[in-house]
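A, B, ... follow the sequence lines: proteins, then strands. Residue 1 opens every chain.
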Amino acid sequence: MAAQGRSLKSSACERFFARDTTEVARDLIGASFEVDGCGGIIVEAEAYGHDDPASHSYGGTNNRNRSMFGPPGIAYVYRSYGVHWCLNFVCGVHRGCAVLIRALEPTSGLAHMRKRRGVENDRRLCSGPGNLTKALGITGALDGWPLDSAPFTLSLPEGPRPAVVAGPRIGITRAMDLPWRYGLKGSRFVSRGFSGT
DNA sequence: ATGACGATGCACT
DNA sequence: GTGCATCGTCATG
């Protein structure tokens, strides 16, 4: 659990996201993220790089991934397995980097999110990239949307950094050796546990 | 036009 | 823990 911080203004947003994708992913752990008043604390995120065989941007731009090549600080929303929506934050010092948001600890709009998901179990409410977008009402309509603009609210934690653990990314078949999945240490809201915690 | 493949979630053992 | 439904997107012909 992390303290609520100051909301990200436009200039700070650009500064925050225009850094190495792994640093951004790590620093997003503990941040607060909401869409129209529904959301919570980011407890799990994965980094995807510009020259990363597991990244959608690998091999260049196409119609699906074009927002990955947009400016740092916008959303990249894509359809996974033809069924789920997944949310990324575009970032990096190169084009084509993003952080996949995989799980939140729900703190706001609980009733609305439970209704959207059709579950009462708060532990699973925003756990997993597809579950998270369903709970927050995120669809492809928000692809390319600036993260410092409504309906988004992103606030970074103030004070000491929360304890963050790292491990291999989930659901990929390439570059499986990179420990680019980050999680809030000890959180029971992550989609899967981290070895060694 | 068609086939292959998922940055998944859920039911089930 | 394992099995698999499901369909948008891309590569190929």
Side-chain angles (χ1 to χ4, degrees), chain A residues 17 20-26 28-29 33 35 40 42-70 72 74-92 94-106 113-145 147 164-184 187-195 197:
Chain A
F17 284 107
D20 185 85
T21 180
T22 56
E23 292 181 26
V24 173
R26 182 199 60 202
L28 280 170
I29 302 301
F33 179 71
V35 179
I42 297 172
V43 297
E44 184 183 346
E46 284 179 355
Y48 286 86
H50 72 287
D51 191 27
D52 175 359
S55 172
H56 285 175
S57 62
Y58 195 70
T61 182
N62 55 44
N63 191 55
R64 176 179 63 162
N65 69 16
R66 66 187 187 285
S67 45
M68 272 191 99
F69 293 87
I74 66 174
Y76 165 46
V77 182
Y78 70 92
R79 180 103 57 181
S80 174
Y81 287 86
V83 184
H84 315 283
W85 292 107
C86 292
L87 171 69
N88 296 252
F89 294 169
V90 176
C91 63
H94 304 277
R95 297 284 185 177
C97 300
V99 173
L100 172 69
I101 310 301
R102 289 190 54 92
L104 304 179
E105 175 181 338
M113 292 198 292
R114 289 184 192 119
K115 190 175 177 183
R116 284 193 182 119
R117 288 271 287 111
V119 299
E120 297 297 317
N121 184 348
D122 290 347
R123 188 174 145 153
R124 300 246 172 110
L125 193 56
C126 304
S127 183
N131 290 334
L132 182 156
T133 55
K134 187 174 182 183
L136 272 60
I138 294 170
T139 70
L142 288 169
D143 185 38
W145 201 263
L147 295 168
V164 173
V165 291
R169 294 175 290 185
I170 291 177
I172 58 171
T173 56
R174 287 168 283 188
M176 300 178 66
D177 52 313
L178 297 176
W180 282 6
R181 180 169 78 112
Y182 300 89
L184 181 63
S187 173
R188 61 190 183 284
F189 297 94
V190 297
S191 64
R192 296 192 204 172
F194 290 77
S195 65
T197 53

Sequence-distant partners of [X], side-chain contact (heavy atoms from CB on, under 4.5 Å), two or more places apart:
X        : value
A:Ala135 : A:Met113, A:Arg117, A:Cys126
A:Arg79  : A:Trp85
A:Asn121 : A:Arg123, A:Arg124
A:Ala75  : A:Val77, A:Leu87, A:Leu147, A:Phe152

Worksheet item: With respect to the side chain of A:Asn63, which nucleotide from C:dT6, B:dA7, C:dC10 is positioned closest?
Response: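 So the side chain of A:Asn63 is nearest to C:dC10.
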
Discussion item. Any base atoms under 4.0 Å from A:Met68, or only sugar-phosphate, or nothing? Heavy atoms, all strands.
Written reply: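 Base, at least one base heavy atom under 4.0 Å.
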
Discussion item. Classify A:Arg64 by what it touches in the nucleic acid, base, sugar-phosphate, or nothing, heavy-atom distance under 4.0 Å.
Written reply: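 Counting heavy atoms under 4.0 Å across all strands, the contact made by A:Arg64 is with sugar-phosphate only.
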
Residues two or more places apart in sequence or in another chain: which of them pass side chain to side chain donor-acceptor pair (under 3.5 Å) with [X]?
X        : value
A:Arg114 : A:Asp122
A:Tyr76  : A:His56
A:Ser55  : A:Ser57
A:Ser80  : none

What are the atom names and distances for every N/O pair under 3.5 Å that joins the protein to nucleotides 11-13 of chain C?
none

Expressed as a whole number of angstroms, how long is the span from [X]:[atom1] to [N]:[atom2]?
X        : N     : atom1 : atom2 : result
A:Asp143 : C:dG8 : CG    : P     : 16 Å
A:Arg79  : B:dG6 : CZ    : P     : 19 Å
A:Arg174 : B:dG6 : CZ    : C1'   : 9 Å

Item to complete: To the nearest 0.5 angstrom, please state how far the CG atom of A:Asn62 sits from the CZ atom of A:Phe69.
Response: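 Rounded to the nearest 0.5 Å, the CG-CZ separation comes to 7.5 Å.
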
Worksheet item: Roughly how far, to the nearest 0.5 Å, is CG of A:Leu125 from CG of A:Leu104?
Response: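 Rounded to the nearest 0.5 Å, the CG-CG separation comes to 9.0 Å.
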
Item to complete: Counting Watson-Crick and G-U wobble pairs whose two distances are both under 3.5 Å, find the runs of 3 or more in a row that involve DNA chain C.
Response: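 Runs of three or more consecutive pairs: B:1-6 with C:7-12, B:8-12 with C:1-5.
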
Item to complete: For residues 43-52 of chain A, pull every pair meeting side chain to side chain donor-acceptor pair (under 3.5 Å), keeping only residues two or more places apart or in separate chains.
Response: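 Output for this query lists A:Glu44-A:Arg102, A:Glu44-A:Arg181, A:Glu44-A:Ser191, A:Glu46-A:Tyr48, A:Asp52-A:Arg169.
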
Worksheet entry | Sugar-phosphate or base contact per nucleotide [nucleotides 8-13 of chain B; S, B, -; heavy atom under 4.0 Å] | BSS---

